[in-house]
There are 2 protein chains.
Amino acid sequence: MTSRSRKPVGSREVRPDRGIPEATIARLPIYLRALTGLADRGVTSASSEELAGAAGVNSAKLRKDLSYLGTYGTRGVGYEVSYLRYQIAREIGLTQDWNVVIVGIGNLGLALAKYSGFASRGFCVAALIDTDPSRYGEKVAGLEITPLDQLDRVVAECSISIGVIATPANNAQNVCDRLVAAGVSSILNFAPIVLNVPEGVDVRKVDLSIELQILAYHEQRKANSVVDLEAGAL
Amino acid sequence: MTSRSRKPVGSREVRPDRGIPEATIARLPIYLRALTGLADRGVTSASSEELAGAAGVNSAKLRKDLSYLGTYGTRGVGYEVSYLRYQIAREIGLTQDWNVVIVGIGNLGLALAKYSGFASRGFCVAALIDTDPSRYGEKVAGLEITPLDQLDRVVAECSISIGVIATPANNAQNVCDRLVAAGVSSILNFAPIVLNVPEGVDVRKVDLSIELQILAYHEQRKANSVVDLEAGAL
DNA sequence: CATTGTGAAGTGATTCACAGCA
DNA sequence: TGCTGTGAATCACTTCACAATG
């Protein structure tokens with residue numbers, strides 16, 4: 001098994017080694033989703049092959065990924081769905097619910113605030129922040145839109161550690177700074193800019209135009225290769 | 001599928017195309033965004049160091065990435081912003097605009113339909129599709145919501161090759177199949193399921209809960225390491 | 001005996017470090 | 001001189017292939 005020298009020597013092992021590759025971590029939620037789907041359909045046990053199919057990866061990768069968490073399968077049989085599901089949820093940190101603040105209640109922020117899927121996946125939208133005074137007090141999904149300058153209070157009161165930025169690009173860095181100052185240390189950024197954050201703060205970004213552009217690149221290449229074929233270029 | 005627009009024929013000496021790493025392709029849109037930002041601020045020239053800063057990557061990676069496209073810099077000087085911007089846009093396939101259809105005009109679909117940022121980035125939302133008859137004909141951002149069974153016609157009429165799925169999970173595979181049947185070969189999927197598509201169709205997925213869960217994992221680890229420190233465990 | 005768990009091999013991406021050029 | 005472009009080295013991730021095992 002593992003035994004790489006990470007930290008400067010531990011006098012002893014604290015928990016089964018925390019060296020899970022980032023790529024694996026990014027897939028754990030997918031496995032969780034797949035397991036929940038199987039459980040909902042009444043499936044109680046699944047092989048790595050079946051699970052991998054449901055998650056859209058190959059089975060070797062799935063087994064390797066799971067091996068970083070521990071040995072939760074049974075050789076010759078497979079994995080018990082609900083048990084594995086629990087183990088992954090625990091690993092991700094979903095034994096507790098996480099409170100989230102959404103900043104920027106425009107079209108996208110509104111959609112996120114109303115999205116019902118977060119609750120079942122371990123997240124609770126606990127506060128909505130905007131900077132437009134005309135919207136203060138407006139209720140969305142049972143929550144009042146609150147001014148940005150109350151961020152510190154709201155973050156503290158609700159024990160919020162995850163912030164979602166859904167503002168236009170020109171406000172995003174400012175909002176980000178305010179979130180960090182308020183104590184938020186994980187940020188999901190929808191604004192199309194690179195955020196600067198201090199050490200210790202995690203940022204993940206979702207830029208829809210970028211996703212489309214990546215598709216466009218491949219789309220263009222498909223179109224071109226058709227042209228090539230028609231021209232007998234190969 | 002329409003679209004051809006290739007370079008002025010192919011007796012070019014070096015075809016820099018073949019084999020740009022996927023990781024590089026995924027960053028080209030980021031460089032494009034950074035260059036646009038610089039251009040907007042009147043910057044006409046930038047070193048790899050400056051550009052990399054604006055894009056949130058290190059300069060070695062940026063130079064290596066750009067080297068796959070061609071040699072667009074000047075040693076000792078840097079890169080001409082507008083020239084490089086054009087070259088990247090061309091590489092991605094943004095010399096043309098891409099028509100996009102959004103399927104599922106719920107909260108998220110609505111937000112996407114209204115989002116003004118697509119236009120400036122090479123995309124035009126050309127059609128909105130839903131399955132709820134009570135919404136047929138409703139106008140959003142100047143477009144009528146159209147029934148799913150008119151997808152084929154709409155895709156053909158508007159030469160659409162990119163589809164966005166913003167439906168609930170239970171409709172998504174069906175919608176996906178319909179899109180593919182209609183001739184769409186690139187799909188951006190917001191539904192929290194794994195889509196099955198035939199060879200040659202590209203899918204990119206955005207799952208907001210998964211992004212939050214990845215943040216939660218790191219958040220949990222930060223919290224735990226604080227506990228470890230307090231307990232003197234290291 | 002079917003299936004897991006995992007070393008070893010393979011592949012791809014990143015970073016280093018410096019030659020080559022304006 | 002200063003910065004790009006790029007081989008070589010390194011690091012990270014994936015896949016292979018099979019011994020271990022319930």
Side-chain angles (χ1 to χ4, degrees), chain A residues 1-6 16-31 34-35 38 43-81 83-85 87-88 91 214 217, chain B residues 13-14 16 18-31 34-35 38 43-81 83-85 87-88 91 214 217-218:
Chain A
M1 241 264 237
T2 51
S3 72
R4 46 184 152 296
S5 49
R6 284 203 340 115
D17 185 45
R18 249 74 264 276
I20 302 181
E22 196 54 39
T24 295
I25 290 157
R27 283 188 295 267
L28 293 181
I30 301 175
Y31 301 152
L35 287 161
L38 290 172
V43 178
T44 59
S45 169
S47 67
S48 64
E49 200 69 54
E50 294 167 314
L51 223 62
V57 302
N58 73 51
S59 63
K61 191 187 283 183
L62 178 128
R63 288 200 305 278
K64 178 70 95 179
D65 283 341
L66 295 184
S67 77
Y68 292 114
L69 310 192
T71 64
Y72 297 137
T74 307
R75 288 169 199 245
V77 179
Y79 301 88
E80 213 238 297
V81 170
Y83 177 61
L84 181 58
R85 205 185 87 80
Q87 293 298 342
I88 293 178
E91 189 70 38
I214 296 170
Y217 171 86
Chain B
E13 60 263 86
V14 187
R18 268 297 156 187
I20 300 181
E22 195 55 38
T24 295
I25 291 159
R27 282 188 295 267
L28 293 181
I30 301 175
Y31 301 151
L35 287 162
L38 291 173
V43 178
T44 59
S45 169
S47 68
S48 64
E49 200 69 53
E50 294 167 315
L51 223 62
V57 303
N58 73 51
S59 62
K61 192 189 282 183
L62 178 128
R63 288 201 304 278
K64 177 70 98 180
D65 283 342
L66 295 184
S67 78
Y68 292 115
L69 311 190
T71 65
Y72 297 136
T74 308
R75 286 167 202 247
V77 179
Y79 301 88
E80 212 239 298
V81 170
Y83 177 61
L84 181 58
R85 208 186 86 78
Q87 293 299 342
I88 293 179
E91 189 69 39
I214 296 169
Y217 171 85
H218 293 293

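A, B, ... follow the sequence lines: proteins, then strands. Residue 1 opens every chain.
Spacing between atom NZ of B:Lys64 and atom P of C:dC16 amounts to 13 Å, rounded to whole angstrom units. Atom CZ of B:Arg27 is separated from atom P of C:dA13 by 9 Å (rounded to the nearest Å). Here C:dA13 presents its P atom at 17 Å from CD of A:Glu22, a figure rounded to the nearest Å.
How far CD1 of A:Ile88 is from CD1 of A:Ile30: 11.0 Å, rounded to the nearest 0.5 Å. The CD atom of A:Glu80 sits 8.5 Å away from atom OG1 of A:Thr74, with the distance rounded to the nearest 0.5 Å. Summarising the geometry, atom CD1 belonging to A:Ile20 is positioned 4.0 Å from atom CD belonging to A:Glu91; distances are rounded to the nearest 0.5 Å. Between B:Asn58 atom CG and B:Lys64 atom NZ the span is 12.0 Å, to the nearest 0.5 Å. How far CG of B:Leu28 is from OH of B:Tyr68: 11.5 Å, rounded to the nearest 0.5 Å. Remark: B:Arg27 CZ to B:Leu66 CG distance equals 10.0 Å, nearest 0.5 Å.
Projected onto DNA chain D by closest heavy-atom contact, B:Leu66 and A:Ala23 fall at different nucleotides, the more 5' of which corresponds to B:Leu66.
None of B:Val57, B:Leu69, B:Leu84 except one satisfies the side chain to side chain contact (heavy atoms under 4.5 Å, CB included) rule with B:Tyr31; the exception is B:Val57.
Of all non-hydrogen atoms in A:Val77 and A:Ser45, the two that sit nearest each other are CG1-OG, 4.4 Å.
Within the 4.5 Å cutoff, the side chain of A:Glu22 has heavy atoms near those of the B:Ile214 side chain. In this structure, A:Tyr79 and A:Arg63 have side chains that are in contact, with non-hydrogen atoms separated by less than 4.5 Å. Counting only heavy atoms from C-beta outward, the side chains of A:Val81 and A:Leu35 approach each other to under 4.5 Å.
Of all nucleotides in DNA chain D, those with any atom nearer than 4.0 Å to a heavy atom of chain B start and finish, going 5' to 3', at D:dG2 to D:dA8.
Rounded to 10 degrees, the angle between the two end axes of the helix from C:dC1-D:dG22 to C:dA22-D:dT1 is 10°, with five pairs used at each end.
Close to C:dG5, at under 4.0 Å from its OP1 or OP2, lies a side-chain N or O of A:Tyr79. The side chain of B:Arg75 places no N or O atom within less than 4.0 Å of a non-bridging phosphate oxygen (OP1 or OP2) of C:dC18.
Contact annotation for A:Glu49: no contact, since no heavy-atom pair falls under 4.0 Å across all strands.
Residues of residues 55-63 of chain B that place a heavy atom closer than 4.0 Å to DNA chain C, in numerical order, are B:Asn58, B:Lys61, B:Arg63.
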